[in-house]
Amino acid sequence: MKKIILFSAISLLLLSGCSQKKPKPAATDNIAGDTVTINENSSSGSSSNAGSSSDGMRSIYFDFGKYGLSPSMQDTVSFDADILKQKLKGSRVKIEGNCDEFGSDEYNFALGLKRAKSVKDSLSTQGISSSQIVLVSYGESNPQCRNMSDSCYQKNRRVDLKIVK
């Protein structure tokens with residue numbers, strides 16, 4: 001009987017130590033040099049567009065935990081690039097990376113920055129000067145939707161573009 005109790009106690013001890021670890025933020029691929037401080041009060045977009053792209057541009061959405069552009073979202077980036085070519089002139093475009101509430105703050109800020117960088121890279125290949133692009137990550141701190149549903153979480157996994165002076 002003592003052997004069974006001892007075996008059960010050891011088994012429980014071993015199994016309780018096998019919990020899953022939080023994901024660690026991956027390297028940010030040298031994007032720190034792309035971040036700068038800008039005056040957000042001088043936006044040419046409407047302030048009522050908080051949490052979404054402005055100036056006629058569309059938000060770019062991402063799958064859970066991903067930062068690569070899907071083919072349909074690549075079309076959205078191309079649409080936004082066409083608008084930027086017309087409206088950007090001497091201004092800058094702020095690319096805002098956002099995440100849903102899953103994951104640690106550090107993980108979500110890194111993921112938001114990677115999402116912003118993937119949009120920046122795509123815009124750069126379409127003729128938008130990287131010197132006119134500013135990257136920002138809000139992580140999970142700028143939700144567009146607060147309901148606990150898959151459709152709401154999807155709206156929060158996005159990149160918004162805003163023209164700033």
Side-chain angles (χ1 to χ4, degrees), residues 22-145 150-165:
K22 285 185 181 179
K24 293 182 181 179
T28 55
D29 299 323
N30 299 323
I31 55 181
D34 292 327
T35 59
V36 297
T37 302
I38 58 172
N39 181 1
E40 294 187 37
N41 295 325
S42 65
S43 171
S44 63
S46 167
S47 62
S48 64
N49 284 336
S52 64
S53 292
S54 62
D55 296 298
M57 292 178 284
R58 299 177 184 159
S59 296
I60 296 104
Y61 296 96
F62 293 84
D63 291 331
F64 178 78
K66 305 289 183 190
Y67 59 91
L69 291 169
S70 67
S72 65
M73 289 298 106
Q74 183 60 55
D75 291 343
T76 302
V77 174
S78 296
F79 175 86
D80 291 345
D82 290 340
I83 291 174
L84 288 171
K85 287 174 189 174
Q86 296 170 11
K87 294 186 176 185
L88 198 55
K89 312 271 187 256
S91 300
R92 290 182 171 178
V93 61
K94 180 172 64 163
I95 302 176
E96 304 173 341
N98 296 277
C99 300
D100 58 27
E101 63 188 48
F102 299 102
S104 68
D105 288 343
E106 296 85 6
Y107 177 82
N108 284 333
F109 277 107
L111 182 58
L113 202 53
K114 286 180 143 189
R115 288 175 174 169
K117 181 165 185 337
S118 69
V119 172
K120 174 195 178 227
D121 292 344
S122 181
L123 288 172
S124 293
T125 63
Q126 296 180 54
I128 305 301
S129 172
S130 60
S131 66
Q132 291 181 284
I133 298 174
V134 178
L135 302 181
V136 177
S137 177
Y138 290 114
E140 65 189 70
S141 67
N142 189 28
Q144 192 174 46
C145 181
D150 289 339
S151 62
C152 179
Y153 298 138
Q154 176 64 40
K155 290 177 185 177
N156 293 334
R157 296 189 295 263
R158 70 187 190 285
V159 164
D160 298 319
L161 290 86
K162 296 181 180 166
I163 295 176
V164 293
K165 300 278 183 207

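Note that this is a predicted model, so its numbers are computed, not measured.
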Does V164 form a side chain to side chain contact (heavy atoms under 4.5 Å, CB included) with V134? I'd like the steps, not just the answer.
CA-CA 9 Å; V164 293; V134 178; 5.5 Å; no
Candidate pair I60 and L161, rule side chain to side chain contact (heavy atoms under 4.5 Å, CB included), full reasoning = CA-CA 9 Å; I60 296 104; L161 290 86; 3.3 Å; yes
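Using a 4.5 Å heavy-atom cutoff, the side chains of D80 and V93 are not in contact. Two residues are said to be in side-chain contact when any heavy atoms from C-beta on lie closer than 4.5 Å; F62 and V119 meet this criterion. Between M57 and I163 there is a side-chain heavy-atom pair separated by less than 4.5 Å. Residues K117 and L135 form a side-chain contact, since some pair of their non-hydrogen atoms from C-beta on lies under 4.5 Å apart. Side chains of S78 and Q126 form a contact here, defined as non-hydrogen atoms less than 4.5 Å apart. No side-chain heavy atom of F102 sits less than 4.5 Å from a side-chain heavy atom of E140. When side chains are defined from C-beta on, V77 does not count as touching V159, because their heavy atoms never get closer than 4.5 Å. At least one side-chain heavy atom of I95 sits under 4.5 Å from a side-chain heavy atom of L123.
Closest approach of S91 to Q132, counting heavy atoms only: O-NE2, 3.0 Å. Heavy atoms only, all atoms of each residue included: S137 and N108 are closest at OG-O, 4.0 Å. Considering all non-hydrogen atoms of both residues, S122 and Q74 come closest at OG-NE2, 2.6 Å. Closest approach of R158 and S59 over heavy atoms only: CD-OG, 4.4 Å. For the residue pair S118 and Y67, the shortest heavy atom distance occurs at OG-O, 2.9 Å. When all heavy atoms of S124 and I133 are compared, the pair lying nearest together is OG-CD1, 4.0 Å.
Annotation: K66, atom NZ; neighbour count of heavy atoms from other residues, nucleotides and ligands within 6.0 Å does not exceed 12.
Salt-bridge annotation for K162 and D160: absent, with no side-chain N of the basic residue lying under 4.0 Å from a carboxylate O of the acidic one.
Rounded to the nearest 0.5 Å, atoms CZ (R92) and OG (S131) are 8.0 Å apart. In this structure, D63 CG and M73 CE are separated by 9.5 Å, a value rounded to the nearest 0.5 Å. Atom NZ of K155 and atom OH of Y61 lie 7.5 Å apart (nearest 0.5 Å). Distance check, rounded to the nearest 0.5 Å: CG of D82 to NZ of K87 gives 12.0 Å. Of the inter-residue distances, the one linking F109 atom CZ with C99 atom SG reads 8.5 Å to the nearest 0.5 angstrom.
Looking at residues two or more places apart in sequence or on another chain, you find a salt bridge (charged side-chain N to carboxylate O under 4.0 Å, His left out) between R157 and D100.
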